[in-house]
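Contents: one structure, followed by commentary.
FYI, side chains are in, hydrogens and waters are out, and symmetry mates aren't considered; it's all heavy atoms of this structure. Counting convention: from 1, in listed order, for ligands and their atoms alike.
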Amino acid sequence: MAPLQKTNKIWHNGKLINWDDATIHVMSHVVHYGSSVFEGVRCYEVPSGPAIFRANEHIQRLLDSAKVYRMDVPFTRDELVKGMLETVGTNGVWPCYIRPLVMRGYGEAGVNPMNSPIEVYVINYPWGKYLSSENEGCDVCVSSWTRLAPNTLPAMAKAGANYMNSQLIKMEALMNGYVEGIALDANGFLSEGSGENLFLVHRDRLITAPLGNSVLPGITRDSIIKMAHDLKIPVVEQMIPREMLYIADEAFFTGTAAEVTPIRSVDKIPVGKGDIGPITRAIQKEFYGIVRGEKADRYNWLTPVPVRSKQPVGV
Ligand SMILES: Cc1ncc(COP(=O)(O)O)c(C=O)c1O
């Protein structure tokens, strides 16, 4: 993947500051104890300009994650959505990835997080494809690492600390020559990838794990479920045994980073015929049609960003 490309400004607690000034102290609580919650959002390029995909839903999930961890965020959902618009609009860099972040800053040493101040940031930067091209399909494995067990770290919260588990899954997969790993939950049922939700197609039905199987409530997952209903593709949220991966007709990952990425093999067993199946293609056509502005935004998922001019990156 390409190295991080900086933009001009970062939104910090309601004000735009220079990219290079957005630094934190090494004794900030988050550095030692992983006390952050965050979002990953995409801003697409549609014919009328930049547009953020499901801005409200992403910020709502950020506030939900913060609530689980007793973080009082001093901004409303609307203010944070405006913060994203302001950041992208000011930097003039799109398409891009947007990273809203809430963290515990510099205050007190020790595990108790309650006396460290809440810091809120919104960052945006250019970012392309994540796992593979949407036309290619990726080769994945089942991870030897288990996803977060219930009553350990809450999977519904998108917390920085959860991604230590994701890193183990990802590194193992890469070291063994795969692009991604699929983790099972604490009971051995399919959960999700290190940073994506998982969908299987079996006998013309779309199957995905319910939230009880330690999955993040993905915004893309939700979008795919809505589009599938409209395409009259039956969707079931059910516990999925591992072996379903090997007998599925089709499989794909969904996520802000992965968008809709087909899976062509699992543990070196081809998924279906090893190419992209018709249901995956139908879902991709809808999803990419909407986010590229080629199809009507009939769900109102895109928020236009007011901008002055497009800027070169790396300023
Ligand atoms: C662990 C995990 N699961 C699923 C997803 C997909 O969620 P979304 O579609 O909201 O990006 C992500 C990415 O944010 C993730 O990190």
Side-chain angles (χ1 to χ4, degrees), residues 1 34 36-44 52-65 68 81 84 95-102 123 127 129-131 134 138 140 143 145-150 152-173 179-186 189-200 206 208-228 235 237 240 251-261 263 283-284 286-288 290-291 299 301-302:
M1 218 157 55
S36 69
V37 294
F38 67 98
E39 273 305 313
V41 188
R42 269 195 200 259
C43 175
Y44 286 97
I52 300 179
F53 185 67
R54 306 203 69 179
N56 287 330
E57 291 84 350
H58 277 287
I59 295 297
Q60 188 56 55
R61 188 172 65 186
L62 179 74
L63 294 175
D64 290 348
S65 302
V68 171
V81 169
M84 290 202 290
C96 65
Y97 188 76
I98 310 172
R99 167 56 51 81
L101 171 77
V102 177
I123 308 114
W127 205 32
K129 286 280 162 206
Y130 182 51
L131 294 176
E134 73 234 38
C138 58
V140 308
S143 184
W145 293 102
T146 296
R147 202 85 190 113
L148 316 163
T152 60
L153 289 168
M156 280 186 74
K158 191 170 169 69
N162 295 6
Y163 288 81
M164 291 302 273
N165 173 258
S166 292
Q167 289 174 48
L168 292 169
I169 296 166
K170 187 76 181 180
M171 288 189 291
E172 181 189 54
V179 299
E180 185 55 291
I182 294 171
L184 306 178
D185 74 0
F189 291 98
L190 290 184
S191 179
E192 60 180 352
S194 73
E196 311 83 19
N197 292 112
L198 173 69
F199 283 83
L200 303 181
L206 206 45
T208 195
L211 301 187
N213 291 121
S214 302
V215 302
L216 185 77
I219 311 286
T220 322
R221 173 185 182 275
D222 177 73
S223 310
I224 271 42
I225 292 172
K226 288 200 169 74
M227 291 187 304
V235 185
E237 288 181 59
I240 314 170
F252 57 90
F253 283 130
T254 67
T256 299
E259 301 178 299
V260 181
T261 301
I263 299 172
I283 296 281
Q284 284 186 319
E286 283 301 299
F287 177 81
Y288 289 111
I290 289 175
V291 299
Y299 304 98
W301 283 341
L302 295 167

If the cut-off is 4.0 Å to any non-hydrogen atom of I219, which atoms of ligand 1 fall inside it? 8 (P), 9 (O), 10 (O)
Check ligand 1 against E192 and write out every atom of the ligand that is under 4.0 Å from a heavy-atom position of the residue. 1 (C), 2 (C), 3 (N), 4 (C)
Say you draw a straight line from CE of M164 to CD1 of I169; how long is it, rounded to the nearest 0.5 Å? 12.5 Å
Between CD of E57 and OG of S223, what distance do you get to the nearest 0.5 Å? 7.5 Å
Should one rank K158, R221, R147 by closest heavy-atom distance to atom 1 (C) of ligand 1, which comes out on top? R147
Quick one: look up the protein heavy atom nearest atom 11 (O) of ligand 1 and list residue, atom name and how far away it is. T256 OG1, 2.6 Å
Closest protein heavy atom to atom 16 (O) of ligand 1, given as residue, atom name and distance to 0.1 Å: Y163 OH, 2.4 Å
H58 and side chain to side chain donor-acceptor pair (under 3.5 Å): which partner among K158, R42, E39? E39
Output field: ring centroids F53/F287 closer than 6.0 Å: yes
Closest approach of any protein heavy atom to atom 12 (C) of ligand 1, naming residue and atom: G195 O, 3.2 Å
Any heavy-atom pair between the side chains of L198 and F253 that's under 4.5 Å? yes
State whether the shortest distance between N or O atoms of R61 and N or O atoms of ligand 1 falls below 3.5 angstrom. yes
When you measure from atom 9 (O) of ligand 1 to each heavy atom in T220, L198, N165, which option holds the nearest one? T220
Sub-4.0 Å atoms of ligand 1 with respect to non-hydrogen atoms of G255: 6 (C), 9 (O), 11 (O)
Test C43 against Y97 for side chain to side chain contact (heavy atoms under 4.5 Å, CB included), laying out the working first. CA-CA 6 Å; C43 175; Y97 188 76; over 6 Å; no
Counting from 1, what ligand 1 atoms have a heavy atom of S194 closer than 4.0 Å? 1 (C)
So that I can tick it off, tell me whether K226 and E286 are bridged by a salt bridge, with the cut-off set at under 4.0 angstrom between side-chain N and carboxylate O. no
For F38 together with Y163, are the ring centres under 6.0 Å from each other? yes
Show which atoms of ligand 1 fall inside a sub-4.0 Å distance from at least one heavy-atom site of G218. 7 (O), 8 (P), 9 (O), 10 (O)
